[in-house]
Protein chains: 2
Amino acid sequence: MSDLLERLRGRGWRMTAQRRVVAEVLDGDHVHLTADEVHSRAVVKLPEISRATVYNTLGELVSLGEVLEVATDKRAKRYDPNAHRPHHHLVCAQCGAIKDVHPGGNPLADLPDSERFGFTVSDVEVTYRGVCPNCAATTTTA
Amino acid sequence: MSDLLERLRGRGWRMTAQRRVVAEVLDGDHVHLTADEVHSRAVVKLPEISRATVYNTLGELVSLGEVLEVATDKRAKRYDPNAHRPHHHLVCAQCGAIKDVHPGGNPLADLPDSERFGFTVSDVEVTYRGVCPNCAATTTTA
DNA sequence: ACTTGACTTAGACCTTGTCCATTGTAGGAT
DNA sequence: ATCCTACAATGGACAAGGTCTAAGTCAAGT
Ligand SMILES: [Mn+2]
Ligand SMILES: [Mn+2]
Ligand SMILES: [Zn+2]
Ligand SMILES: [Zn+2]
């Protein structure tokens, strides 16, 4: 993640304790936190950080292309630091757990011209849904 | 759509003017309205229908499997009466227009076991994004 | 026609997210 | 080392989408 901070400084980003903390919270694999989750975790490290700053910083990271917005459920947006490797998502329908996945195939090629309604199609987003091992175990035991 | 109303009555649904109007508003192809859009249109036919009733009725239609919730943008949920023919969506990134599409291929088969993290994967949702003919024309002219 | 439980209503309330005026500060200039 | 100032942070108001409740209404079985 210091990679990220270096790159941002290079882009003229003013480095502040708040921004550092947000970047730290977003470190890791399969991380897809809501803005409020980012805020809760940031508060542990920097008690006075405000909600507005978290939203601002996430918004900037998104515009800079360093973080992705993901909308897997129909509630809050989630923020995904894995922006440099294209991927899709696998979501547990019960607990909401989200994994990054890299399916084979080319879904764009699977959309015939007759199904394009004259659109210029540039992008496709795939969301797999199922039940995670954890939830499966809990349900069968109960 | 009277098919739908018959089926619902058969399931013990009490038939009211409000429910009839909501069902009417949701008739047609490529229909993906937000709850508030449903409400505005319903009000034209039945001026005193309330927002709460629209939300209640949509929620019931979703539980009954007669209407789908679609979250193509990150704002309001959209309600889709085309629940009996599985399909995916093609969305205009500029104006938000949504078309129902039926791609070939089998995205489920494209997710290798090594990318399933022990999940039982049961469903996949594909969203294509692009620019609709209308928006393309407007942009090139301007 | 009567009865009753399901349905509808208005509005309070919640969550997520944005906006703004004010206060604070990072980092270059001296 | 200190000063300066443009940029950043803050808290609170605001807005949109959505949920919940208490009270009134009505569809439909008898
Ligand atoms: Mn991801
Ligand atoms: Mn549809
Ligand atoms: Zn789970
Ligand atoms: Zn368009």
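Letters A, B, ... mirror the listed sequences (proteins, then strands); counts begin at 1.
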Requested in this report: Please determine if a side-chain N or O atom of Thr16(B) lies less than 4.0 Å away from the OP1 or OP2 oxygen of dT8(C).
Outcome: yes
Query raised in the report: Are any of Gln18(A)'s side-chain N or O atoms less than 4.0 Å away from OP1 or OP2 of dT10(D)?
Result: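 For Gln18(A), the contact criterion (side-chain N or O under 4.0 Å from OP1 or OP2 of dT10(D)) is met.
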Report task. Using heavy atoms to find the nearest nucleotide of DNA chain D for Met15(B) and Leu46(A) separately, return the residue whose nucleotide is more 5′. Result -> Leu46(A)
Report task. Select from Ala76(B) and Gly12(A) the residue whose nearest nucleotide in DNA chain D is closer to the 5' end of that strand. Result -> Gly12(A)
Which of these nucleotides, [options], is closest to any side-chain atom of [X]?
{"X": "Tyr55(A)", "options": "dA27(D), dT16(C), dC19(C)", "result": "dT16(C)"}
{"X": "Asn56(B)", "options": "dG18(D), dT18(C), dT8(C)", "result": "dT8(C)"}
{"X": "Ala35(B)", "options": "dA8(D), dA27(D), dG18(D)", "result": "dG18(D)"}
{"X": "Arg19(A)", "options": "dA8(D), dG17(C), dT10(D)", "result": "dA8(D)"}
{"X": "Ser50(A)", "options": "dT9(C), dT18(C), dT10(D)", "result": "dT10(D)"}

Query raised in the report: Between the side-chain atoms of Arg14(A) and the base atoms of dC7(D), is any donor-acceptor pair under 3.5 Å?
Result: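 Side chain to base: pair found, below 3.5 Å.
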Query raised in the report: Hey, does the side-chain of Arg51(A) have a donor or acceptor N/O within less than 3.5 Å of a partner on the base of dG17(C)?
Result: yes
Query raised in the report: Do we see a donor-acceptor contact under 3.5 Å between the side chains of His32(A) and Asp100(A)?
Result: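 There is such a pair between these side chains.
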Requested in this report: Report yes if the distance between the aromatic ring centroids of His87(A) and His89(A) is under 6.0 Å, otherwise no.
Outcome: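 They qualify: ring centres under 6.0 Å apart.
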Anything under 3.5 Å between a donor and an acceptor, one on a side chain of residues 38-49 of chain B, the other on a protein residue two or more places apart or in another chain? List them.
from	atom 1	to	atom 2	distance (Å)
His39(B)	NE2	Ile49(B)	O	3.0
Ser40(B)	OG	Asp36(B)	O	2.8
Lys45(B)	NZ	Glu24(B)	OE1	2.9

Report task. In plain terms, say whether Glu115(B) and Lys99(A) are close enough for a salt bridge, that is, a side-chain N and a carboxylate O under 4.0 Å apart. Result ->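 Salt bridge between Glu115(B) and Lys99(A), a charged N being under 4.0 Å from a carboxylate O: no.
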